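One structure is given below, encoded as structure tokens.
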Amino acid sequence: MTATSASDIKAASHSYRKVAIAACFGTFLEWYDFLTFATLAVVFAPLFFPSSDPSTGLLASLATFGVGMVVRPIGAAIFGSIGDRIGRRPVFMITITLMGIATVCVGFLPTYAQVGIWAPILLVSFRLLQGLSAGGEIGGSAVYLTEHAGNANRGFKTSFLQLMGPLGILVSTLQIALLQGYLTQEEFLSWGWRVPFWVSLILLLLAFKARIALEETPIFVELSKTSTQAKNPLRENLKDPETRKRMFLLFFCISAGGAVLFFCVQVYTSIFLKTSVKLVPQLVDQLSVYATLALLPLTIFAGWLSDKVGRKPVVVSGLILGATLILPAFYCLQANSDSTILVTLVLVGLSTILALVVGPQTALLAELFPAKTRNSAATLPHNLAAGWIGGLLPLIVTWLNQEWASDTAGLWYPTIFLASGAVVAMLYLPETHKTNLNH
């Protein structure tokens with residue numbers, strides 16, 4: 001009996017590792033594709049949006065990136081409902097294929113000089129497909145992975161999915177830096193910028209091969225056997241007061257809190273150190289890599305900790321620390337720019353705060369909602385927060401900085417947002433780490 005139990009446990013562990021690797025690799029590809037587009041926005045400007053005013057071309061290019069963020073909730077609504085009606089796995093396959101094809105096609109696009117107005121039209125079209133795909137994948141993959149994780153150590157086992165965003169940033173940024181270092185400026189603008197998109201084809205084939213062997217989640221299989229799938233999941237979610245409340249809590253406290261911290265920690269610190277503090281760009285990039293590498297184990301630790309003490313204390317601690325320490329951290333960076341060690345410690349400290357919110361996030365996305373409408377209930381508010389709150393944050397912070405003629409005035413916005421999220425979470429966020437996902 002003991003031998004059989006040990007054998008079963010080993011088989012289940014192997015099966016989960018297989019599921020986790022395939023899920024994480026696919027999500028990594030989604031982030032890699034999505035963020036490569038953002039990194040190359042400056043390159044796209046003259047190639048696809050030529051203008052006598054370079055700023056106009058850059059704005060058009062950035063707007064094209066923003067379109068992908070705006071349509072993410074639409075993708076979440078569409079694919080989230082499909083996931084509740086026909087299964088999590090089919091959505092998994094559709095979203096990875098859609099993202100991969102759209103990204104590879106960008107690598108083969110003709111420029112404005114070659115086909116005129118069709119170049120930006122095609123670029124925007126593929127960006128829309130990327131955004132729809134990301135809306136279905138990011139959130140849906142959390143539900144899929146969590147439903148496979150079982151009831152024990154869910155926070156730890158699912159926290160690895162949260163590493164894919166930082167890894168996507170690292171790989172995309174390093175690849176482009178290597179290309180720009182190896183190629184001449186003319187070569188990079190001629191064909192070098194296309195290489196990251198061509199690489200997506202290899203990654204797509206690997207991700208597709210890994211995912212095609214995956215099985216439907218046990219929870220959805222059980223729903224299918226009893227014919228209890230939701231016929232109109234999104235409508236059912238919005239009609240139920242408790243589900244509506246939890247969708248708001250996910251949107252405002254967990255997903256928006258994570259998106260706000262992600263921008264402050266992984267995006268704005270780099271901009272701030274280069275423009276306000278005037279550190280050498282190469283040094284800033286190096287320090288950013290260190291901070292991102294520190295974020296990886298910290299995220300896993302936060303997921304593990306949420307299994308021990310609960311999801312709510314970990315997430316609320318991150319929100320409170322973020323609201324309390326973001327402004328002092330940036331003042332410290334400004335005042336101690338000559339100390340590389342201190343700057344590094346501040347960046348790692350900010351990464352710790354981010355990890356506390358995002359570490360338990362994957363498990364929370366699934367645990368907050370009933371099984372039959374879980375996919376749509378989790379993906380829509382999560383992508384609304386990431387696409388609209390996170391997507392608009394750079395614009396709002398920059399505008400506030402300009403209005404107040406200060407490099408830190410705009411940071412009052414995320415500070416107040418995080419403080420509000422912390423108060424709401426303390427009052428209303430339920431504890432979910434012992435939730436039975438079958439119900």
Side-chain angles (χ1 to χ4, degrees), residues 35 38-39 41-42 55 58-59 62 165-166 169-170 172-174 176-177 256-299 302 317-358 389-423:
L35 295 165
T39 310
V42 176
S55 298
L58 179 58
L59 282 173
L62 291 171
I169 292 175
L170 274 179
S172 173
T173 304
L174 289 174
I176 291 168
V260 166
L261 282 167
F262 182 85
F263 165 74
C264 292
V265 174
Q266 295 231 281
V267 179
Y268 193 66
T269 49
S270 178
I271 297 169
F272 184 80
L273 289 171
K274 289 176 182 177
T275 58
S276 175
V277 181
K278 309 289 187 200
L279 286 185
V280 178
Q282 290 84 352
L283 175 61
V284 174
D285 292 339
Q286 187 179 4
L287 295 176
S288 298
V289 168
Y290 294 155
T292 301
L293 290 173
L295 177 63
L296 306 184
L298 289 168
T299 299
S317 296
L319 294 172
I320 292 173
L321 288 171
T324 307
L325 297 177
I326 278 180
L327 273 167
F330 278 86
Y331 291 143
C332 184
L333 291 174
Q334 205 167 29
N336 298 279
S337 58
D338 55 338
S339 173
T340 304
I341 293 175
L342 190 55
V343 169
T344 305
L345 289 174
V346 170
L347 294 179
V348 171
L350 289 171
S351 292
T352 304
I353 295 171
L354 174 61
L356 290 171
V357 176
V358 300
I389 302 298
L392 290 175
L393 202 68
L395 177 65
I396 294 171
V397 170
T398 303
W399 175 73
L400 288 172
N401 284 344
Q402 290 175 349
E403 284 293 306
W404 292 89
S406 166
D407 295 319
T408 55
L411 291 170
W412 278 104
Y413 171 66
T415 296
I416 294 170
F417 197 104
L418 290 169
S420 304
V423 171

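These figures come from a predicted structure and were not determined experimentally.
- Of all non-hydrogen atoms in L418 and G322, the two that sit nearest each other are CD1-C, 3.8 Å.
- Between F330 and Y268, the two ring planes are tilted [angle within 30° to 60°].
- The distance from atom SG of C264 to atom OH of Y413, rounded to the nearest 0.5 Å, is 10.0 Å.
- Proximity of I169 to F262: side-chain heavy atoms (C-beta onward) are separated by under 4.5 Å at one or more points.
- V265 and L350 make their closest contact through CG2-O, 3.6 Å (heavy atoms, listed as atom of the first residue, atom of the second, distance).
- Nearest heavy atom pair, residue V346 against residue C332, reads CG2-SG, 3.9 Å.
- The two residues L347 and A291 have their closest heavy-atom pair at CB-CB, 3.9 Å.
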side-chain contact (heavy atoms from CB on, under 4.5 Å) between L170 and L293: does it pass, once the steps are laid out?
CA-CA 9 Å; L170 274 179; L293 290 173; 4.0 Å; yes
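- When every heavy atom of V260 is checked against every heavy atom of I389, the shortest pair comes out as CG2-CG2, 3.9 Å.
- Looking only at side-chain heavy atoms (C-beta outward), S420 and V423 stay at 4.5 Å or farther from each other.
- Looking at W412 and L400, their side chains never come closer than 4.5 Å, going by heavy atoms from C-beta outward.
- Between atom CD1 of residue I341 and atom CG of residue N336 there is a gap of 12.0 Å, rounded to the nearest 0.5 Å.
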Can you check side-chain contact (heavy atoms from CB on, under 4.5 Å) on I326 and L261, steps first, answer last?
CA-CA 9 Å; I326 278 180; L261 282 167; 3.9 Å; yes
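- Note that OG1 of T269 and CG of L287 are 10.0 Å apart. Values are rounded to the nearest 0.5 Å.
- Applying the side-chain hydrogen bond (donor to acceptor under 3.5 Å, both in side chains) rule to T408 yields the partners S406; only residues at least two apart in sequence or on another chain are considered.
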Evaluate the side-chain contact (heavy atoms from CB on, under 4.5 Å) criterion for residues S276 and Q334: first the C-alpha distance (whole Å), next the side-chain angles of each, then the deciding distance (0.1 Å), finally the verdict.
CA-CA 8 Å; S276 175; Q334 205 167 29; 3.2 Å; yes
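- With hydrogens and angles disregarded, a donor-acceptor distance shorter than 3.5 Å links the side chain of T352 to the backbone of V348.
- Distance CG/L298 to CD1/I353: 11.0 Å, rounded to 0.5 Å.
- Among residues at least two apart or in separate chains, side chain to side chain donor-acceptor pair (under 3.5 Å) pairs with a member in residues 285-298 are Q266-T292, K274-D285, Q286-Y290.
- Among all heavy-atom pairs drawn from A323 and T415, the shortest one is O-CG2, 3.3 Å.
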One pair to check against side-chain contact (heavy atoms from CB on, under 4.5 Å): L393 and F417. What are the steps and the verdict?
CA-CA 11 Å; L393 202 68; F417 197 104; over 6 Å; no
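- Side-chain contact between L283 and V343: absent, with no pair of heavy atoms (C-beta onward) separated by less than 4.5 Å.
- Partners of T324 by side chain to side chain contact (heavy atoms under 4.5 Å, CB included), not counting sequence neighbours, listed by chain and number: I320.
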